[in-house]
Amino acid sequence: MKYLLIPLFLGAGGAAAGCPPTKDISSRLQSLIESARAAPDEPTGRTVSAEMWKLWLDAPDASAQEVLDRGMRARASFDFAGAVEAFTRLINYCPDYAEGYNQRAFVAFLSEDYAAALVDLDKALELSPDHVGAQSGRALTLMNLGRLPEARVQLLDALENNPWLSERFLLSEGAPLASVSKDI
């Protein structure tokens, strides 16, 4: 029965009625950000990161969760068209749920459509400014667009919220986002 209800809620035209308000995860996320900053080592930091992802991937209701999960399965099997269709349906149903935009941006990024990825990442961050996954995704997208100074700033913002991101190595000496210094 669950599968029969999804098409009713998530029809092809416009936003469907029925998506509950997006859950307020801000206090829990801030607590996890503080835990990430205080983590003594990478394994602890990675554990905290996984907890952040659990928050972001918890959709507003069962219908939205099913569509999110379907999109993620499609993406994992390289069915990018199916993933975009699912994430677009999710966005139409729950336009205030940042993860729909973030996941669709990831598919665009994987498809090397960086301009489309950037639009969705900007919307995800408008809805959830401390979304570390969207912050780091935006840094990678800007880097691939050749906008290195902006990418560096965005990655530094993401690392402020979670210093254990694997992308941190992009700031190392000789890496694409390393600080540019001038020799005297």
Side-chain angles (χ1 to χ4, degrees), residues 1-36 45-111 113 115-141 154 157-158 160-162 164-165 167:
M1 184 65 176
K2 175 169 71 171
Y3 298 108
L4 295 175
L5 292 176
I6 291 170
L8 293 174
F9 287 118
L10 303 174
C19 182
T22 302
K23 299 168 188 168
D24 182 3
I25 61 169
S26 56
S27 63
R28 179 70 180 127
L29 182 57
Q30 284 306 311
S31 176
L32 289 170
I33 287 171
E34 291 303 320
S35 294
R46 293 279 182 192
T47 299
V48 174
S49 294
E51 290 300 312
M52 288 179 185
W53 278 107
K54 285 181 187 176
L55 286 178
W56 296 318
L57 294 172
D58 185 18
D61 68 9
S63 294
Q65 190 68 54
E66 171 56 33
V67 176
L68 174 65
D69 294 344
R70 183 176 355 127
M72 293 180 69
R73 284 190 305 271
R75 185 194 68 228
S77 65
F78 301 98
D79 175 9
F80 293 161
V84 166
E85 183 274 331
F87 297 137
T88 299
R89 290 173 70 101
L90 177 59
I91 289 165
N92 288 340
Y93 178 57
C94 295
D96 294 330
Y97 178 49
E99 197 56 35
Y101 298 96
N102 186 52
Q103 291 299 323
R104 188 170 70 180
F106 187 36
V107 175
F109 179 88
L110 293 173
S111 302
D113 186 353
L118 191 58
V119 169
D120 278 343
L121 288 164
D122 286 345
K123 183 63 178 180
L125 288 168
E126 176 187 317
L127 294 168
S128 182
D130 290 326
H131 192 308
V132 179
Q135 290 174 330
S136 62
R138 189 171 187 275
L140 292 171
T141 300
Q154 182 66 75
D157 286 347
E160 179 66 26
N161 287 333
N162 185 350
W164 300 102
L165 295 171
E167 292 87 354

Nearest non-hydrogen partners of [X] and [Y], listed with the distance:
| X | Y | answer |
| --- | --- | --- |
| V107 | A83 | CG2-CB, 3.8 Å |
| Q135 | D157 | OE1-O, 3.9 Å |
| W164 | A36 | NE1-O, 3.0 Å |
| L165 | A158 | CD1-CB, 3.7 Å |
| D120 | A105 | CB-CB, 3.7 Å |
| A86 | V67 | O-CG1, 3.0 Å |

Gap separating the [atom1] atom of [X] from the [atom2] atom of [Y], nearest 0.5 angstrom:
| X | Y | atom1 | atom2 | answer |
| --- | --- | --- | --- | --- |
| L29 | E34 | CG | CD | 10.5 Å |
| R70 | F87 | CZ | CZ | 10.0 Å |
| L68 | Q65 | CG | CD | 5.5 Å |
| L32 | L55 | CG | CG | 5.5 Å |
| I91 | R104 | CD1 | CZ | 3.5 Å |
| I33 | S26 | CD1 | OG | 10.0 Å |

Assess whether atom NZ of K54 is packed by more than 12 heavy atoms of other residues, nucleotides or ligands within 6.0 Å.
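Open: at most 12 neighbouring heavy atoms sit under 6.0 Å from NZ of K54.
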Flag side-chain contact, heavy atom, 4.5 Å: Y101 against L127
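Heavy-atom side-chain distance check passes, below 4.5 Å.
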Between S128 (side chain) and A124 (backbone), is there a donor-acceptor pair under 3.5 Å?
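It does not hold such a pair.
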Side chain S136, main chain V132, donor-acceptor under 3.5 Å
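Confirmed, S136 side chain pairs with V132 backbone.
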Sort and list the pairs that fulfil salt bridge (Lys or Arg N to Asp or Glu O under 4.0 Å) and have at least one residue in residues 126-141, not counting sequence neighbours.
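Every salt bridge (Lys or Arg N to Asp or Glu O under 4.0 Å) pair that includes a residue of residues 126-141, provided the two are not neighbours, is D122-R138, K123-E126.
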What verdict does the side-chain contact (heavy atoms from CB on, under 4.5 Å) test give for L125 and Q154, after you've listed the backbone C-alpha separation in whole Å, the side-chain angles of each residue and the deciding distance to 0.1 Å?
CA-CA 11 Å; L125 288 168; Q154 182 66 75; 4.3 Å; yes
With sequence neighbours excluded, tell me which residues meet ring-ring contact (aromatic ring centres under 6.0 Å, His included) with W56.
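W56 satisfies ring-ring contact (aromatic ring centres under 6.0 Å, His included) with W53, H131 only.
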Could you tell me which residues satisfy side chain to side chain contact (heavy atoms under 4.5 Å, CB included) with D79, sequence neighbours excluded, listed by chain and number?
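Partners of D79 under the side chain to side chain contact (heavy atoms under 4.5 Å, CB included) test: A74, S77, A81.
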Under the salt bridge (charged side-chain N to carboxylate O under 4.0 Å, His left out) test, which residues partner [X], sequence neighbours left out?
| X | value |
| --- | --- |
| D96 | none |
| R28 | none |
| E85 | R89 |

Are a donor atom and an acceptor atom from the side chains of Y93 and D61 found within less than 3.5 Å of each other?
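Looking only at side-chain atoms, D61 and Y93 do form a donor-acceptor pair, the distance falling under 3.5 Å.
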Would you please test M72 and L57 for side-chain contact (heavy atoms from CB on, under 4.5 Å) and show each step?
CA-CA 10 Å; M72 293 180 69; L57 294 172; 3.7 Å; yes
